[in-house]
Amino acid sequence: MLSTSSITRSLARTIPRAVSGTSRTPAFRLFLRCQSTSHGNNNLNKNELPFKFSPTGPKLVKYSKDHEWLAMHADGTTFLGITDYAAAALGDATYIELPEADTEVDANDSIGSVESVKSASEVYVPVNGTVVEGNTDLESSPQLINSDPMGKGWIAKLKVDEATNKDILDKLFTLEQYEQFLKSDE
Amino acid sequence: MLRTTSFVTGGFTCVNRRILSRVWYSNGANDDNCDRLKHKSITKPVDPSARVLRHIQFTKRMPFQQGLAIQEQFVRANLDMKKVQSKIEQKLVELEHEYQGNATINSNEKQILDKILAMKPNPMVLTFEYEPTYTGGKRIKKVITQEQISQLENFKPTKDIMNPSPKFVQVERGGELTFHGPGQIVAYIVLDLKAFKNFPARCLISVIETAAKNTLKIAPVRKGGLPLNIDTKRVGDKIGVWVMNDDKIASIGVHVRRSITSHGICINVCPDLSYLNNFEMCGNPDGKATSILNEFPNANVTIQDISIAFVRELAKLLGIDTVERMQTDGSEMNQL
């Protein structure tokens, strides 16, 4: 996670002042540009569609190095989104580029993008499959990516065959492994 | 210092015309013109490859598509390196698991791996001056009509009437419609966000904004002259650089693929402002554009002066001490 000192360092603007050592005043936190709005929870939201699609929840939940999550259900229906960590790093989403319905996708293709503060970040699909539809709620409410990235802010619904993607799925992270990866990535 | 060396980036070799200067900067305190503005760095390199910032200055005006293709080559080199790094990491992890922590790689293997990882491209700024081009960001893709495109491509400017007709090009950066053309610097920043400490995309945007603001403040009016001293501000929540009366002087838009950035900023030095003021730019219906020349009619600054100043400010904010600059007219980039 972004540390306090790095946030305040990032918030320093070109204000004429004496060069101090490493101490920063909390006043710089007023600058919102680099402020983190993370919920600190990369778990799937049990109250929303990506989880509730099956009565007992998804068969498999996996995470990628590029901070995407996959919730795979027994019939192959798979929801994809970006993690809480990624959403916080991006900042307030202003525009989401969604995939077209009925398009085949290969693993590591770009499936859309999330724009925030004039930077458009690609979202990748870690598996092979077919896009059923993008989450059109994001067209009118891109902020769902920030308020509920692990639930209402899902980006795409796909049809994924578990057997043909077995090798890929095995290499993706579990939640534990993803959280471990986040720690080592800092 | 004139020296010819070659550097290999990803899949192609480029022979430097000249490395004009390898400049070392202390971070703030001793620089000229820096007394009033102590620029503390916002981040710092955490990967050895990020300790040098490369500035490739394209001195000849060129079509937009050509600059885009050049940028894409460098981005590809970065993405390919990421893939290689990822494969190496994965293999090492697999070895760990297979041999239960008793795996070691011998010194030869380690040398090879180190050499491969040392090929990671340095962070880079490419600065261009383009022929008249209107570009649309991702947001424009689904909404712009053929009629609107025709309007843009048929536009006749009021001042620089000898320019070729504008072209419209759709690109993958964030943001909406903007204009690039003669008299304007377009700077592309291609780097790996992960090579810097705690540096998500929105911090890069902040750094680009601040570097532009600093440049407009302290770049000299003419060689050896006083600073431009152009004061700038942000307008509400919007990203970009405006002068104090709300006219826009620089526009920002960035693309991120697996932490590799592309696109960046365009700064108006002396373009024909009619290109910008006759259409709605950047999604701002009431916005008006300005330029350095418009703000300071006696200024004698060139695109190249401002490019160099901007890269210098950017390096400081990124915590990078060394900038390697290379000038080229772009002709040697066409080998691939």
Side-chain angles (χ1 to χ4, degrees), chain A residues 1-22 24 31-36 64-67 85-86 88-98 100 108 110 112-124 139 142 171 177 181 184-186, chain B residues 28-29 35-44 83 86 89-90 93-94 137-139 141-142 171-176 193-194 197-210 213-214 217-218 234 237-240 251-261 263 265 282 313 317:
Chain A
M1 283 297 144
L2 297 171
S3 68
T4 312
S5 61
S6 75
I7 291 171
T8 48
R9 261 207 312 280
S10 307
L11 302 177
R13 308 290 289 187
T14 52
I15 298 164
R17 54 184 161 78
V19 178
S20 60
T22 50
R24 295 269 180 258
F31 292 91
L32 298 172
R33 188 81 74 217
C34 292
Q35 202 170 50
S36 167
S64 74
K65 279 204 176 106
D66 294 319
H67 311 288
Y85 173 82
L90 283 172
D92 293 339
T94 45
Y95 176 73
I96 318 291
E97 202 182 7
L98 294 169
E100 296 292 335
N108 298 315
S110 165
S113 64
V114 176
E115 183 181 322
S116 154
V117 295
K118 294 288 173 90
S119 58
S121 296
E122 297 292 316
V123 176
Y124 297 94
E139 280 169 357
K171 293 209 172 86
Q177 290 169 329
F181 165 71
S184 67
D185 212 34
E186 279 301 316
Chain B
D35 289 313
R36 271 174 300 135
L37 296 161
K38 299 293 184 185
H39 311 140
K40 273 295 181 180
S41 62
I42 302 274
T43 181
K44 62 176 187 180
K83 249 194 229 166
S86 181
E89 262 166 53
Q90 207 170 348
V93 166
E94 279 171 18
K138 279 190 191 272
R139 284 215 228 189
K141 259 189 230 181
K142 287 191 171 163
V171 290
E172 297 300 316
R173 58 160 169 78
E176 300 179 63
L193 293 169
K194 297 270 166 171
K197 194 168 159 66
N198 290 331
F199 201 52
R202 57 198 158 82
C203 286
L204 173 65
I205 297 289
S206 195
V207 158
I208 294 173
E209 257 185 354
T210 308
K213 283 158 147 25
N214 293 350
K217 190 82 180 162
I218 70 174
R234 228 186 291 146
D237 264 342
K238 296 194 262 196
I239 307 295
S251 295
I252 297 174
V254 153
H255 188 205
V256 183
R257 283 172 273 183
R258 300 190 203 281
S259 304
I260 305 295
T261 67
H263 294 271
I265 184 170
C282 312
E313 294 306 313
L317 292 164

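By convention in this document, chain letters (A, B, ...) are assigned in the order of the sequence lines, proteins followed by strands, and residues within each chain are numbered from 1. Since this is a predicted model, take the numbers as computed values, not measurements.
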What's the spacing between [X] [atom1] and [Y] [atom2] if we round to 0.5 Å?
| X | Y | atom1 | atom2 | value |
| --- | --- | --- | --- | --- |
| A:Lys118 | B:Arg173 | NZ | CZ | 8.0 Å |
| B:Arg257 | A:Ser121 | CZ | OG | 11.0 Å |
| A:Lys65 | B:Ser259 | NZ | OG | 12.0 Å |

Return the set of residues passing side-chain contact (heavy atoms from CB on, under 4.5 Å) with A:Ser110 (not counting sequence neighbours), or none when no residue passes.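 Testing A:Ser110 for side-chain contact (heavy atoms from CB on, under 4.5 Å), a comparison that skips the adjacent residues, returns A:Glu122, A:Tyr124.
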Return yes when atom NZ of B:Lys141 has more than 12 non-hydrogen atoms of other residues, nucleotides or ligands closer than 6.0 Å, and no otherwise.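 Result for NZ/B:Lys141: enclosed.
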NZ/B:Lys194: more than 12 non-hydrogen atoms of other groups inside 6.0 Å: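 Count over threshold, so yes.
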Go through it in stages, so that I can follow the logic: the residues are B:Lys138 and A:Glu115, the test is salt bridge (Lys or Arg N to Asp or Glu O under 4.0 Å), and I'd like the CA-CA distance, side-chain angles, deciding distance and then a yes or no. CA-CA 9 Å; B:Lys138 279 190 191 272; A:Glu115 183 181 322; over 6 Å; no
With a 4.5 angstrom heavy-atom cut-off, could you sort out which part of B:Gln90 is near chain A: side chain, backbone, both or neither?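 Just the side chain, heavy atoms under 4.5 Å.
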What heavy-atom pair brings [X] and [Y] nearest, and what distance separates the two atoms?
| X | Y | value |
| --- | --- | --- |
| A:Asn108 | B:Arg258 | O-NH2, 3.2 Å |
| A:Ala89 | B:Pro200 | O-CB, 3.5 Å |
| B:Glu172 | A:Ala120 | O-CB, 4.0 Å |
| B:Lys142 | A:Leu98 | NZ-O, 4.4 Å |

Salt bridge (charged side-chain N to carboxylate O under 4.0 Å, His left out) partners for B:Glu94, two or more places apart: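 Partners of B:Glu94 by the salt bridge (charged side-chain N to carboxylate O under 4.0 Å, His left out) criterion, ordered by chain and then number, come out as B:Lys91.
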